[in-house]
2 protein chains.
Amino acid sequence: MTETTTTKTAMTETTMSETPSGMPALSDFLCFAAYSTGHAFNRIYKPLLDRLGVTYPQYLVLVQLWAEDGQTVGALGGRLFLESNTLTPLIKRLEAMGLVIRRRDPADERQVRVSLTEQGRALETQALAVPGCIFAATGLTLDEIQRLTRDLTVLRDRLMATAETAA
Amino acid sequence: MTETTTTKTAMTETTMSETPSGMPALSDFLCFAAYSTGHAFNRIYKPLLDRLGVTYPQYLVLVQLWAEDGQTVGALGGRLFLESNTLTPLIKRLEAMGLVIRRRDPADERQVRVSLTEQGRALETQALAVPGCIFAATGLTLDEIQRLTRDLTVLRDRLMATAETAA
DNA sequence: GCTAGTTAAATCGCACACGATTTGATCGTG
DNA sequence: CACGATCAAATCGTGTGCGATTTAACTAGC
């Protein structure tokens, strides 16, 4: 109880399993669980999105635009937590595929508005089946999914608030 | 109850909020929550790992090696869910930094074993503070972290099992 | 109304991820 | 022992992510 292992962290002092080296086991890292689950989702999405001809981040942009067309690059980035350095080339690829058009906003030429083409709108019909497939792959109930989604969202927002403060 | 909206998925039929287009709102996507939480973690880790001079995936490899030195590329990949096409260049960067050495296994020349250098072992002391900082950034209790980690791990393993079956 | 400061995208460089293929070593069967 | 199958890494090409910088457009203060 009155140990002298003062170098240990709060995490390792209590219940986390620990390797001989003193570092907690990787399986205990929440961040690794989030990291690897994200990749696992990506692998599930891949075959479904291949049929649509888009990648997962491209799909996320399209979901945004199906909900509200003509958003600026900044607005899309705000919702997806991505910067223009990631979005600009991604959206240019969507444009090259003929799914969207990029236009500078006449009222503020600094901004670029992204609009769906007819083909881009049409793709939503194909995409409607995707969420159901993903739902089935999780093997979770709707309640479990909602709770997990909420918990992760709370965590994400807290992490981003911390990152904000640190900056 | 006896609706005719047969094109809707199980998810959209029940409780998920829905945009005018018929696609569930992005905030409802569990996969997006995992995806964005992973990125949020990455941004928290960045300043901590910058001091160690490594990236997050490089850090994960080092955590593995601190737990068990001399693992093969395949064994590391099995634990991190990464393939040699990702790991090989990553580990070569660790080698270029002088943190690890790569050696072909004499007993089976197909395999490459990755071993920590003195400098690589020494880095663990610096890294011991990292998990505690991350823990603080989450603002969660240990119980909450453990439950979320377990839930995510279960989900990840189920997704990977599905991907396995589909292949 | 001109200039300094701010803002939105775009650009550049680097490091993952991952599908697909290649190279080299090992194994299994005849 | 031979040789095809299998296996572990490595290689190659494409597409994110993101820090840092640049460019162009707007805004505020004098």
Side-chain angles (χ1 to χ4, degrees), chain A residues 32 35-47 49-50 52-62 71-78 80-97 102-114 160 163 166-167, chain B residues 32 35-47 49-50 52-62 71-78 80-97 102-114 160 163 166-167:
Chain A
F32 179 68
Y35 166 84
S36 55
T37 304
H39 287 168
F41 264 121
N42 232 314
R43 290 176 196 128
I44 295 286
Y45 267 103
K46 188 83 178 35
L49 296 181
D50 274 351
L52 307 183
V54 298
T55 66
Y56 180 64
Q58 288 167 5
Y59 168 73
L60 291 180
V61 168
L62 290 176
Q71 294 188 62
T72 64
V73 172
L76 291 168
L80 301 177
F81 309 109
L82 295 173
E83 311 276 326
S84 68
N85 51 9
T86 298
L87 283 176
T88 296
L90 186 158
I91 294 170
K92 281 185 174 176
R93 277 177 213 114
L94 288 176
E95 189 174 38
M97 288 183 246
R102 296 165 349 107
R103 263 184 307 238
R104 301 220 91 104
D105 187 331
D108 184 344
E109 295 268 337
R110 289 174 303 180
Q111 298 184 103
V112 168
R113 295 201 171 271
V114 186
M160 302 216 312
Chain B
F32 178 68
Y35 166 85
S36 55
T37 304
H39 287 168
F41 264 122
N42 231 314
R43 291 178 196 125
I44 294 287
Y45 266 102
K46 187 84 176 37
L49 296 181
D50 274 351
L52 307 184
V54 299
T55 66
Y56 179 65
Q58 289 167 4
Y59 168 74
L60 292 180
V61 168
L62 290 176
Q71 293 187 62
T72 65
V73 172
L76 291 168
L80 300 177
F81 309 108
L82 295 173
E83 310 278 325
S84 68
N85 50 10
T86 299
L87 282 176
T88 296
L90 187 158
I91 294 171
K92 282 185 175 176
R93 277 175 217 116
L94 288 176
E95 189 174 37
M97 289 184 243
R102 295 164 351 107
R103 264 184 307 237
R104 299 220 92 103
D105 187 330
D108 185 344
E109 294 269 336
R110 289 175 303 180
Q111 299 184 104
V112 167
R113 295 201 170 272
V114 186
M160 302 217 311

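Per chain, numbering begins at 1; letters A, B, ... match sequence-line order.
In this structure, B/Tyr56 does not reach the C/dA15 phosphate: none of its side-chain N or O atoms is under 4.0 Å from OP1 or OP2.
Of the residues near DNA chain C, A/Gly74 and A/Ala40, the one whose nearest nucleotide (by heavy atom distance) lies more toward the 5' end is A/Gly74.
On the nucleic acid side, DNA chain D has its first and last nucleotide under 4.0 Å of a heavy atom of chain B at D/dC7 to D/dC18, going 5' to 3'.
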Atom pairs, N/O to N/O, protein against nucleotides 10-14 of chain C, distance under 3.5 Å?
from, atom 1, to, atom 2, distance (Å)
C/dA10, OP1, A/Arg102, NH1, 2.6
C/dA10, OP2, A/Thr88, OG1, 2.5
C/dA10, N7, A/Ser84, OG, 2.8
C/dT11, OP2, A/Lys92, NZ, 2.7

Please write out the pairs of protein N or O atoms and N or O atoms of nucleotides 21-29 of chain C separated by less than 3.5 Å, giving the distance to one decimal.
from, atom 1, to, atom 2, distance (Å)
C/dT26, OP1, B/Glu109, N, 3.1

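The side chain to side chain donor-acceptor pair (under 3.5 Å) check on B/Arg104 picks up nothing, with sequence neighbours excluded. In this structure A/Lys92 satisfies the side chain to side chain contact (heavy atoms under 4.5 Å, CB included) test together with A/Thr88, A/Arg102, sequence neighbours excluded.
Taking 4.5 Å as the limit, some side-chain heavy atom of B/Leu87 sits within range of a side-chain heavy atom of B/Leu76. Contact annotation: the side chain of A/Thr55 approaches that of A/Gln58 to within less than 4.5 Å [non-hydrogen atoms, C-beta and beyond]. Side-chain contact check for B/Leu62 versus B/Val54: some heavy-atom pair is nearer than 4.5 Å.
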Would you list the atom pairs, donor with acceptor, under 3.5 Å between side chains in residues 38-47 of chain A and any protein atom, with sequence neighbours excluded?
from, atom 1, to, atom 2, distance (Å)
A/Arg43, NH2, B/Phe81, O, 2.9
A/Lys46, NZ, A/Asp50, OD1, 3.1
A/Lys46, NZ, A/Asp50, OD2, 3.1

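Sorted by first and then second residue, the pairs that involve residues 105-114 of chain B and meet side chain to side chain donor-acceptor pair (under 3.5 Å), not counting sequence neighbours, are B/Asp105-B/Arg113, B/Asp108-B/Arg110.
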